[in-house]
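Since the structure comes first, as structure tokens, the remarks are kept for the end.
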Amino acid sequence: MAMAIVRGLITHGLSAQSITVAEPWEVNRGKMAEMGVQTTTDNVAAVRGADVVILAVKPQVTKAVCQEIAAGWSGAASPPVVVSIAAGITLASLQQWLHAEGGKSVHVVRVMPNTPALVSEGASGLVAGEGVTEDEKALIDGLLRSVSKATEWVDREDLLDVVTGLSGSGPAYFFAMVEHLIASATALGLSKEQATRLAAQTCLGAGKMLVESSDEPAQLRRNVTSPGGTTFAALQTFEALKFGETVDAAVKSATARAAELGETLGKQ
């Protein structure tokens, strides 16, 4: 995800030399350096003097990284805006861990992106912490739009867990559905290669219609469904197998797990 964000920023005109990436693994540093950015293994050096800091780290190491980099703006008149994509880690935890002794409070924005950001087709949910200004929100929104086609600000932090259950984890639901479509078609006689190409293009085309059409998803579904036809038969099967309840339960499970992670890791 960090590489997707960096690539998107450069593609949209930000100077590569204005970006510094702190990365402990030599292989990953090499890949970043190939894009022209500055690289280092020193987290504190990477954030010193920065306007925006993006925390693209695993939730389990977020506390340690935050407490380390806070030294990078100790005594600074204007600390950077910190953007965290660490799933589940709350604003309260981030603000506590990032506060430099004797320094000003750090403005924090939490973001839940998703993996289609790798192809500049991401969807991101955002929530602003205490003190974040409209100008800062506009800045972060602009940065995220370099990899996300949809950036949605929510006004309650708990709603970011819902975003996680919807779009953060959503690509996996989509891929699982396509896996089963391919398997079914293959079992009925198509080659795996044919089934994969047809399924992939069908999903791409349907997604494009969903984005570009003014119709709601329910209407688009009805447009494809002739009474008593093939699509009708398939959707009747979905309904009989409680497809809607299955999707609802899946999104709720992911949402609950995001909240649980935040609570657990915040206490460690």
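Heavy-atom basis, side chains included; hydrogens, waters and symmetry copies ignored.
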- Task: State whether the side chain of T237 and the backbone N or O of A233 hold a donor-acceptor pair below 3.5 Å, judged by distance alone.
- Result: yes
- Donor-acceptor contact present, side-chain S169 to main-chain G165, <3.5 Å: no
- Single-linkage hydrophobic cluster I5~V81, side-chain heavy atoms < 4.5 angstrom: yes
- What pair of heavy atoms forms the shortest contact from A117 to M1, and how long is it? CB-SD, 3.8 Å
- Message: I'd like to know if the side chain of E263 reaches the main chain of E260, judged simply by a donor and an acceptor atom lying under 3.5 Å from each other, with no hydrogens or angles considered.
- Response: no
- Task: Say whether, by atom type as modelled, one donor and one acceptor occur between the side chain of N114 and the main chain of A123 under 3.5 angstrom.
- Result: yes
- Atom CD of Q236 with >12 non-hydrogen neighbours under 6.0 angstrom: yes
- Message: According to a hydrophobic-cluster definition based on side-chain heavy atoms being under 4.5 Å apart (Ile, Leu, Val, Met, Phe, Trp, Tyr only), do I19 and M35 belong together?
- Response: yes
- Item | Within one Ile-Leu-Val-Met-Phe-Trp-Tyr cluster: V61 and M112, side-chain cutoff 4.5 Å | yes
- Point-to-point distance, once rounded to the nearest 0.5 Å, from CD of E245 to NZ of K252: 9.5 Å
- Message: Listing request: all ring pair (Phe, Tyr, Trp, His ring centres under 6.0 Å) pairs with a residue in residues 186-240, at least two apart in sequence or in separate chains.
- Response: F238-F243
- Item | Qualifying residue, where the test is side chain to side chain contact (heavy atoms under 4.5 Å, CB included) with L55 and the options are I69, I85, V83 | I69
- Query: Could you go step by step and tell me if K137 and D141 meet the salt bridge (Lys or Arg N to Asp or Glu O under 4.0 Å) rule?
  - Reply: CA-CA 6 Å; K137 288 178 67 175; D141 194 87; over 6 Å; no
- Message: I'd like to know if the side chain of T151 pairs up with that of S148 as donor and acceptor (distance under 3.5 Å, no hydrogens or angles considered).
- Response: no
- Nearest non-hydrogen partners of Y173 and A250, listed with the distance: OH-O, 4.1 Å
- For atom CD of Q17, is the number of surrounding heavy atoms from other residues, nucleotides or ligands below 6.0 Å larger than 12? yes
- Query: Is there a chain of hydrophobic side chains (I, L, V, M, F, W, Y, each step under 4.5 Å between heavy atoms) that links L126 to L98?
  - Reply: no
- Message: To the nearest 0.5 Å, what is the distance between CD1 on I89 and CZ on R110?
- Response: 7.5 Å
- Note on the structure: Distance col, row M32:CE vs M3:CE, nearest 0.5 angstrom, shows 4.5 Å
- Message: Can you confirm whether Q219 is buried at CD, in the sense that more than 12 heavy atoms of other residues, nucleotides or ligands lie under 6.0 Å from that atom?
- Response: yes
- Query: Under 3.5 Å, side chain of E216 to main-chain N/O of A218, donor-acceptor pair present?
  - Reply: no
- Query: Do side-chain atoms of E157 reach the backbone of L91 as a donor and acceptor pair under 3.5 angstrom?
  - Reply: yes
- Task: Give a yes or no on whether the backbone of S15 and the side-chain of S18 come within a donor-acceptor separation of less than 3.5 Å.
- Result: yes
- Would you say S167's side chain and G170's backbone share a donor-acceptor pair under 3.5 angstrom? no
- Task: Output the distance between atom CD1 (I140) and atom CZ (R145), rounded to the nearest 0.5 Å.
- Result: 13.0 Å
- Query: Ignoring hydrogens and geometry, is there a side-chain-to-backbone donor-acceptor pair from H12 to G8 under 3.5 Å?
  - Reply: yes
- Shared hydrophobic cluster for V44 and L94 (ILVMFWY, side-chain gaps under 4.5 Å): no
- Kindly compute the distance separating CD (Q96) from OG1 (T90), expressed to the nearest 0.5 Å. 9.0 Å
- Item | Distance-minimising heavy-atom pair for S124 and L144 | OG-CD1, 3.7 Å
- Item | Of all pairs that satisfy side-chain hydrogen bond (donor to acceptor under 3.5 Å, both in side chains), the ones with a partner from residues 29-45, not counting sequence neighbours | N43-E68
- Exam field: side chain S146 to backbone L143, donor-acceptor pair closer than 3.5 Å: yes
- Query: Looking only at heavy atoms, what is the nearest atom pair of V127 and V154, with distance?
  - Reply: CG2-O, 3.6 Å
